[in-house]
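Heads up, the thing below is written out as structure tokens.
Note that ligands are numbered from 1 as they come in the structure, with each ligand's atoms numbered from 1 the same way.
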Amino acid sequence: VREISVTGASGTSRLMLGASISDLREFCGTEKAIIVTDRVVHELHGRSFPPWPVVEIGIGEISKVGQTVEVLYGAFLEAGLDRSSMVIGIGGGIVCDVAGFAAATYLRGVSFGFVPTTLLAQVDAAVGGKNGINFMGYKNMIGTFSQPRFVLCDHDFLATLPQEELRNGFAEVIKQAAIGDGELFAYIEKESSKALSLDREVIEEIVGASLAVKVRIVIADEREKGERRKLNFGHTLGHALEMTAHIRHGEAISIGMVAAARLSHRSGMLDSDGMDRIERLIERFGLPRRIAMNMDMVIDAMEKDKKREGNQIHFVLLRNIGSAEVVPVDIDELREVLNDLCEYR
Ligand SMILES: NC(=O)c1ccc[n+]([C@@H]2O[C@H](COP(=O)([O-])OP(=O)(O)OC[C@H]3O[C@@H](n4cnc5c(N)ncnc54)[C@H](O)[C@@H]3O)[C@@H](O)[C@H]2O)c1
């Protein structure tokens with residue numbers, strides 16, 4: 001087991017990598033706790049949960065809403081949770097976001113910890129201290145900055161994860177390597193087959209190193225004033241594609257990363273070898289590089305996302321693999337790149 005600790009304004013978070021859920025109870029060191037999970041994770045893995053009360057939430061973004069939080073408050077009340085108790089979220093990013101938000105606001109904050117069960121949650125959603133819910137159809141509109149007491153990463157959970165969820169997670173892994181760890185990027189290139197077959201040693205290495213990138217950035221900028229924006233590599237276009245083309249998050253940010261890599265190259269930052277490596281790795285993990293898109297709608301969505309300033313949109317670009325910068329990009333330049341990525345014109 002490898003331990004990393006993150007200290008933020010709201011306390012210190014212990015990240016346990018390669019741990020086992022069987023150690024959860026001892027690790028929590030609390031008598032009273034409640035587990036928040038979703039239906040799928042409960043069905044597949046409920047047998048390994050410690051004997052605490054369990055409350056289930058529904059599946060999908062539609063469950064990441066205020067109504068679900070109220071259901072959780074009700075369950076906390078019924079379980080007699082007090083400030084010395086703990087809320088444990090066991091599930092993907094949605095469970096972590098909702099459970100963390102409910103815990104951080106119940107009684108003005110009870111402690112919480114996560115056992116992330118998707119690759120995306122292990123490398124990204126469970127770490128960093130942002131918790132939140134969607135509101136009126138807008139993602140993550142309501143939320144808190146509050147660090148989980150611990151994050152216990154048990155990689156055995158990944159064995160039951162559907163392929164498309166795994167790919168989703170790898171898209172974030174590639175992003176984190178691209179913006180913050182060139183060595184990790186090269187390692188993933190070398191070990192992609194083993195990563196895809198969930199070789200334990202390789203997964204531990206990849207999750208640990210990509211988590212470390214996020215932790216480094218979050219520590220530098222817990223409240224998202226500057227450095228943390230680098231985590232949005234691929235996301236500026238990605239979010240717009242998610243909204244307009246209705247594709248999965250991992251797919252959308254993959255196309256977003258390809259676009260950002262091309263913009264980086266055009267603006268004289270990333271060399272052509274770096275740009276090709278990004279595209280090849282995305283393809284290697286079965287993620288898309290192109291899409292049929294309505295360019296006007298996509299650009300419109302990006303502008304609505306408040307990333308526009310005059311005739312420019314802020315993008316996270318790469319100087320080289322492992323180092324990123326936030327740079328304004330001309331909309332005309334963006335149009336040209338998008339034109340190349342459009343599957344049908
Ligand atoms: N707070 C943050 O910093 C942060 C960062 C990134 C993403 N997020 C959020 O995370 C969410 C996405 O997370 P996600 O991709 O984990 O999605 P998710 O939580 O919806 O999980 C995906 C699916 O996999 C299932 N699942 C979970 N674990 C499983 C397992 N071990 N075996 C089989 N099936 C399993 C779930 O039931 C669900 O149907 C988004 O809402 C996003 O906004 C938050």
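Using modelled atom types, one finds no donor on one side chain facing an acceptor on the other under 3.5 Å when comparing Thr236 with His314. Donor-acceptor pairing under 3.5 Å is recorded for the side chains of Ser85 and Asp82. A donor and an acceptor atom, one from each side chain of Ser197 and Asp199, are nowhere located under 3.5 Å apart. A donor-acceptor contact closer than 3.5 angstrom is absent between the side chains of Thr144 and Ser146. For the 3.5 Å distance criterion, the side chains of Asp181 and Gln176 fail to qualify, holding no donor opposite an acceptor.
Atom numbering of ligand 1 starts at 1 in the shown order; those under 4.0 Å from a heavy atom of Asn140 are 43 (O). Heavy-atom contacts of Val40 reach the following atoms of ligand 1: 34 (N), 37 (O) (cutoff under 4.0 Å). Remark: ligand 1 atoms within the under-4.0 Å shell around heavy atoms of Val41 are 26 (N), 27 (C), 28 (N), 29 (C). Distances below 4.0 Å separate heavy atoms of Lys64 from the following atoms of ligand 1: 9 (C), 40 (C), 41 (O), 42 (C), 43 (O). Contact atoms of ligand 1 toward Leu44: 32 (N), 33 (C) (distance under 4.0 Å to a heavy atom of the residue). Atoms of ligand 1 lying under 4.0 Å from at least one heavy atom of Phe157, given by number and element, are 30 (C), 31 (N).
Within the 4.5 Å cutoff, no side-chain heavy atoms of Phe114 are placed close to those of Val127. Annotation: side chain of Leu270 is not in contact with side chain of Arg319 (no heavy-atom distance under 4.5 Å).
Both the backbone and the side chain of Thr117 come within 4.0 Å of ligand 1, counting heavy atoms alone. Looking at Glu61 against ligand 1, only its side chain comes within 4.0 Å, counting heavy atoms. Of all the heavy atoms of Lys139, the ones lying under 4.0 Å from any atom of ligand 1 belong exclusively to the side chain. At a heavy-atom distance under 4.0 Å, atoms from both the backbone and the side chain of Ile94 approach ligand 1. Contact annotation for Asp97 and ligand 1: only side-chain heavy atoms (C-beta onward) come within less than 4.0 Å of the ligand.
Grouped by direct or indirect side-chain proximity (heavy atoms under 4.5 Å, Ile/Leu/Val/Met/Phe/Trp/Tyr only), Met16 sits with Val1, Ile21, Leu24, Phe27, Ile35, Val41, Phe49, Trp52, Val54, Met86, Ile88, Ile90, Val115, Phe150, Leu152, Phe157.
Across the listed options Gly93, Gly143, Gly58, Gly93 owns the non-hydrogen atom lying nearest to atom 14 (P) of ligand 1.
Shortest contact from atom 32 (N) of ligand 1 to any protein heavy atom: Thr160 OG1, 2.6 Å. Nearest to atom 38 (C) of ligand 1 among the protein's heavy atoms is Asp38 OD2, 4.1 Å. The protein non-hydrogen atom at the shortest distance from atom 29 (C) of ligand 1 is Leu161 CD1, 3.5 Å. From the protein, the heavy atom lying nearest to atom 21 (O) of ligand 1 is Thr118 CG2, 3.7 Å. Ranking protein heavy atoms by distance to atom 39 (O) of ligand 1, first place goes to Ile59 CG2, 3.4 Å. With respect to atom 4 (C) of ligand 1, the closest heavy atom belonging to the protein is Ala125 CA, 3.5 Å.
Heavy-atom distances between His45 and ligand 1 reach below 4.0 Å in at least one pair. At least one heavy atom of Lys214 sits closer than 4.0 Å to an atom of ligand 1.
For Arg289, the salt bridge (Lys or Arg N to Asp or Glu O under 4.0 Å) partners at least two apart in sequence or on another chain are Glu279, Glu283.
The side-chain contact (heavy atoms from CB on, under 4.5 Å) with Arg262 is formed by just one residue from the set Met275, Met257, Glu333, Glu336; it is Met275.
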Give the intermediate values and the outcome of side-chain hydrogen bond (donor to acceptor under 3.5 Å, both in side chains) for residues His155 and Glu204.
-> CA-CA 7 Å; His155 305 306; Glu204 263 189 54; 5.1 Å; no
Begin with the C-alpha distance, continue with both residues' side-chain angles, and end with the deciding distance and a verdict on side-chain hydrogen bond (donor to acceptor under 3.5 Å, both in side chains) for Arg25 and Thr30.
-> CA-CA 8 Å; Arg25 193 164 184 206; Thr30 176; over 6 Å; no
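Ring pair Phe185/Tyr187: centre-to-centre distance not below 6.0 Å.
The distance criterion of under 3.5 Å between nitrogen or oxygen atoms is not met by Leu120 with respect to ligand 1.
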